[in-house]
Every structure is written in structure tokens, then in C-alpha cells.
Amino acid sequence: MCDCILSYLNFIMSQVRVRFAPSPTGFFHIGSARTALFNWLYARHTGGTFVLRIEDTDKERNTDEALRVLLDGMRWMGMDWDEGPEVGGASGPYFQSERQAVYDEYLLKLKDAGRTYEKDGAIWFKLEGERTTEYDDFRKAEVEKVKAAPVVIDDAVRGRVERAEEMDFVIVRKDGNPVFHLVNVVDDIAMGITHVIRGEDHLSNTSKHVELFKAFGVEPPVFAHIPLILKEVGSGKMSKRDKGALIEEYEQRGFLANAVRNYISLLGWNPKDEREKMDIAEIVELFDFPGINKGNSRFDEKKLSALNTEYLRELNIESYAFLARPILHTAGVISEEENEDYIQSVLTLCQSKARSLDELPDFCRYFFSDAYALDEKTGNKIAKKGDPKELLAEIVPVLDAVDFEADALQAALEAHAESKDVKVFAYFPALRYALSGKGGGPDLIPMLVVLGKQRVLARLQAFVG
RNA sequence: GUCCCGUUCGUCUAGCCCGGUCUAGGACACCUGGUUUUCAUCCAGGCAACAGGGGUUCGAAUCCCCUACGGGAUGCCA
């Protein structure tokens with residue numbers, strides 16, 4: 001009994017509350033997604049609460065559409081939030097645009113404590129320490145500097161970090177809008193956030209934030225600054241214009257959410273053993289701060305693709321077809337009227353061969369249309385081994401006389417080859433080429449079966465001329 | 001300029017905290033061979049790294065210092 005109560009108390013007191021606080025910009029950046037993911041993973045790992053807070057103070061950019069992209073992206077990646085837009089919660093509202101009263105209240109506390117002053121129409125936060133006026137080389141101006149005591153950040157990823165702010169900073173703009181540093185800290189306090197997991201680009205800001213926490217008389221949360229994702233080529237962090245930077249793009253290109261999530265989780269974190277392909281439950285179980293790296297990591301689409309291919313191969317055919325259909329449809333490969341069974345039998349052949357859903361339209365177009373291009377290189381290669389038209393002219397009557405069923409086809413072709421004293425494989429490349437225009441693809445006999453007798457004969461006759 | 005953070009194969013990383021087990025392991029990519037009608041898979045093998053320099057130590061990828069390089073911050077952006 002006592003154990004029950006104790007563990008309950010322990011549960012309440014150690015309750016982790018993390019948040020993801022994006023600004024809706026109209027796209028869901030891979031770096032944001034990774035920050036969201038690490039927060040979500042930590043919440044799920046610890047049995048804590050994951051809060052989604054929308055930093056929509058910039059009214060120009062923050063449209064409903066922009067919010068939609070963000071929420072859809074979160075859901076696509078399988079990240080659900082316990083508090084936030086559309087689900088509510090006890091610490092709302094969850095849009096900064098609706099929290100002005102809270103900011104006013106906290107601002108008053110700062111003012112009463114004598115930690116603010118007005119200058120140039122804006123409200124500034126006053127640091128504590130000895131003041132001097134000196135010329136700042138970078139700003140090319142005389143500025144007032146403060147010799148403030150350095151704040152110590154005990155970062156869960158990077159260890160002890162010490163940094164001193166040296167100048168007062170604006171917390172409310174002259175247009176009356178509170179700035180990021182203020183609202184971020186106020187909301188974290190008001191929402192009872194216990195752990196702040198964010199990109200390393202915020203590490204330098206953290207001294208400002210800690211100063212604010214101290215001014216409010218609140219113990220700062222645990223900070224965990226995670227490394228950044230660098231662009232694949234060139235220098236700097238991934239920006240929205242880089243290939244592979246946007247989550248919604250992966251969805252459109254037919255990447256599997258599981259694969260993307262798995263890959264992203266491995267950028268800056270690893271389970272300390274050789275596991276790489278992990279389902280989400282496994283990642284949740286293993287995820288923790290000690291597994292997070294300090295160094296930035298470079299995005300590598302090849303590795304993502306490899307992982308994606310693995311996930312693709314293990315899908316059941318129904319799921320595979322479900323994902324493939326819209327892509328084939330968009331590419332104009334299939335129409336609404338296309339027979340479902342036929343689509344599925346084609347996809348069954350393709351699933352183990354195609355590396356991505358992206359390449360699927362070109363990979364299987366010939367199953368649905370007679371207007372397929374003949375690959376020139378393959379054509380030349382085949383021509384070297386004899387005239388394919390002659391070879392196939394032999395084959396037409398053989399195929400004409402047989403039921404299109406795998407064993408029967410195999411037997412008929414073999415029998416014919418034997419009569420000509422050659423191996424059956426002598427006919428295969430030409431046959432594939434005539435029927436698909438390609439040098440590679442699904443296994444030939446099943447391909448014949450799926451294409452069907454009528455189509456195959458028509459194509460061969462057209463090819464032979 | 002100043003401040004903060006970082007640096008192991010091309011890339012993601014293990015090892016580093018608690019120095020010897022590391023002739024530095026795995027994965028992706030790449031190359032070779034095998035399997036396959038082809039392609040994909042699969043199998044076998046290969047290439048390839050402790051940023052540099054000092055120190056400490058019997059011994060350093062691991063600890064300390066310096067340098068270089070990379071990243072970030074330095075906005076009345078978030």
C-alpha cells in the first residue's frame with residue numbers, strides 16, 4: 001500500500017513536462033522536426049507531458065495554412081501532443097498571440113522588482129552589475145556594458161556552460177509586442193516546463209533566459225541543447241531551401257514516416273549499440289540524454305533512402321499499394337478506372353525491386369500503357385547478340401499456344417529453346433526489352449503472367465513488325 | 001571583433017566520463033567477387049578516420065594546454 005502512494009508521489013514530483021514551441025512559417029523544417037521529435041521522445045520515454053505551444057507573434061507570416069502544415073507534419077511523423085492546439089489543456093491558451101495577459105502580469109513583476117526601464121519607446125531588462133560605457137568594435141558605437149556575474153548552465157548534453165550577458169536587452173518592442181526571450185521564459189514558467197530541449201543555436205541565448213528566470217525568482221528548467229543538422233553539401237546548417245529540408249516534401253515524395261522518423265532520430269542521437277533500424281517503441285524506450293551527441297551532424301539523403309527502402313520492403317502489399325496508388329495516379333500512370341486487382345498484382349512484382357516509391361512511376365509505367373520508351377543502351381546491348389525481332393518472331397506462336405500461367409509459360413519456353421538447341425535465357429533479354437523497353441525489372445515469367453496474354457502478344461507483334 | 005559550443009573513415013556514429021582489451025568496431029556510400037534472365041535483394045571481401053602540435057604517463061582516440069578548422073550567438077527575428 002505504502003509503496004503505491006510513494007510511487008504515485010514520485011510520479012507526480014518527477015513529472016516531466018517538455019514543450020515544442022515552433023513558429024508557423026509555412027513549412028516544417030527538418031531541424032524543427034528533429035527538435036520536436038527529441039522532445040516528444042523524451043516525454044514518452046519518461047512518461048511525461050508533451051506540450052505544443054505556437055509562437056505566432058509575427059502576425060504577417062502566421063496564417064491558418066502555416067499552422068496546418070505544422071500540425072499535419074507533426075501528425076504525419078506520429079508525434080501527438082498532450083496539450084496544445086486542438087487538444088487543449090490546463091496551461092492554455094497555447095497560442096502566444098492569445099497570452100498577452102500573462103505577459104503583462106509577468107512584466108509587472110519585473111517592473112516591481114526594479115528590473116526594467118524604458119528607452120527609445122521599448123522596455124529593457126536591466127542586468128545587475130557594474131556599468132561602464134565603452135566603444136563596441138562590432139557595433140561601431142558607444143554602448144553601456146554591464147559586468148554581470150556569469151550564469152552557469154548545467155546542460156544535460158554539454159555539461160557545465162558558463163556565459164555572462166554583457167548588455168541590457170529589449171523585452172518589449174516599441175510597438176508593444178514582447179520579444180522571444182521574454183515570452184519564451186514566461187511561458188515556460190507559466191506552463192511548468194521542466195526540461196527545455198532545443199537546438200544548439202539557442203545555447204548563447206540561454207544566459208539571457210537564465211537571467212530572466214532568476215529575476216522572476218524561479219529555478220530554471222533543465223536545458224538540453226542538441227546539435228544542429230548541417231546541410232548535405234556546402235557549409236552551415238540546413239536551411240529551408242536545401243534539398244531534403246522540408247518534412248512535407250518527404251510525404252509528397254512517398255517516403256515512409258517511420259523511415260524518416262527513424263533516420264532523424266539518429267541525427268545527433270544513437271542507442272550506443274549497433275542498432276539502427278528501430279521501431280518507434282524501441283526508440284522511445286532507448287532515448288535519453290546520454291545518447292545525444294555534442295557535435296553537429298550532416299544530413300545524408302543516401303542513408304535516409306537506404307533506411308526507407310528497408311521499411312518499404314517489409315510493408316504488406318495492401319499498405320504498399322495504399323501508398324503507391326496516389327503517386328502513380330499523380331504521375332499519370334494509372335487512372336481512376338484502372339482495375340484494383342491488376343494494380344495490386346503489378347505492385348506485388350515491384351515492391352521487392354523498386355527502391356523507392358519515387359521511382360515507381362517510371363519503374364512500372366509499361367504495365368499500364370503501351371506507350372513506353374525503348375531504352376537505347378539496352379537495345380544496342382541486345383542487338384549485339386542477334387536480331388531481337390527474329391528471336392521474338394519465333395516466340396510469338398509459342399506464347400500464343402500457351403495458357404499464361406507461370407509453370408506453363410516456363411515449360412513452353414524451355415521446350416522451344418530445347419528444340420532450337422539453346423538455353424531458354426537466350427530469349428529473356430529480348431523479351432523483356434520488347435515488352436517494357438527496359439533492361440531490368442521484375443522477374444520475367446511473373447511479369448508475363450501479370451501483363452497477360454493479350455497485351456504480351458500485341459506488343460510482341462508490334463515489335464516484330 | 002567578442003563570447004559560447006564542437007572536431008573519430010566521404011557521411012552517420014561506437015569507443016572518450018572511469019587511460020592499456022583499439023593492429024579503432026558498425027552502418028550508409030563506394031569498389032571487387034559470387035548468386036540472379038535482368039534489375040533489386042542476398043552472400044563474401046575490400047577501400048577508408050582518432051584535425052595539428054606540445055605536455056602528463058610505463059602507456060593517450062581517451063587527461064591537460066595551445067593552434068587550426070567548423071558551427072552558433074552577438075536583432076526592438078524566433
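Below, read A as the first sequence line, B as the second, and so on, with proteins coming before strands; counting in each chain starts at 1.
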Sugar-phosphate, base or nothing in reach of [X], heavy atoms under 4.0 Å:
X: A/Glu166; answer: nothing
X: A/Phe180; answer: base
X: A/Gly199; answer: nothing
X: A/Lys237; answer: sugar-phosphate
X: A/Gly268; answer: sugar-phosphate
X: A/His225; answer: nothing
X: A/Ser207; answer: nothing
X: A/Ile445; answer: nothing

So, is [X] close to the [N] phosphate, meaning a side-chain N or O under 4.0 Å from OP1 or OP2?
X: A/Arg160; N: B/C4; answer: no
X: A/Arg173; N: B/C77; answer: yes
X: A/Arg355; N: B/U41; answer: yes
X: A/Asn270; N: B/A14; answer: yes

Can you identify which nucleotide, out of [options], has its nearest atom closest to the [X] side chain?
X: A/Ser297; options: B/A14, B/U13, B/C76; value: B/U13
X: A/Lys302; options: B/U13, B/C76, B/C28; value: B/C28
X: A/Asp201; options: B/U37, B/A73, B/A40; value: B/A73

If you go through the side-chain atoms of A/Arg432, does one of them form a donor-acceptor pair with the base of B/U38 closer than 3.5 Å?
yes
Do A/Glu200 and B/G6 have a side chain to base donor-acceptor pair shorter than 3.5 Å?
no
Electrostatic pair A/Asp168-A/Lys119, nearest N-O below 4.0 angstrom:
no
Using a strict 4.0 Å threshold on nitrogen-to-oxygen distance, state whether A/Arg298 and A/Glu232 make a salt bridge.
no
Return yes if some donor-acceptor pair links the side-chain N/O of A/Arg455 with the main-chain N/O of A/Leu451 below 3.5 Å, else return no.
yes
Is there a donor-acceptor pair closer than 3.5 Å between any side-chain N or O of A/Thr133 and the backbone N or O of A/Val143?
no
Spacing between [X] atom [atom1] and [N] atom [atom2], to the nearest angstrom:
X: A/Lys303; N: B/U13; atom1: NZ; atom2: P; answer: 9 Å
X: A/Phe299; N: B/C28; atom1: CZ; atom2: C1'; answer: 13 Å
X: A/Ile229; N: B/U11; atom1: CD1; atom2: C1'; answer: 14 Å

Both distances below 3.5 Å, Watson-Crick or wobble geometry, any strand: find the nucleotide opposite B/C18.
none
Do A/Val172 and A/Val179 have side chains that approach each other closer than 4.5 Å (heavy atoms only, starting at C-beta)?
no
Taking atom types as modelled and ignoring hydrogens, do the side chains of A/Thr378 and A/Arg432 form a donor-acceptor contact shorter than 3.5 angstrom?
no
Spacing of the C1' atoms in B/C12 and B/C3 (rounded, Å):
30 Å
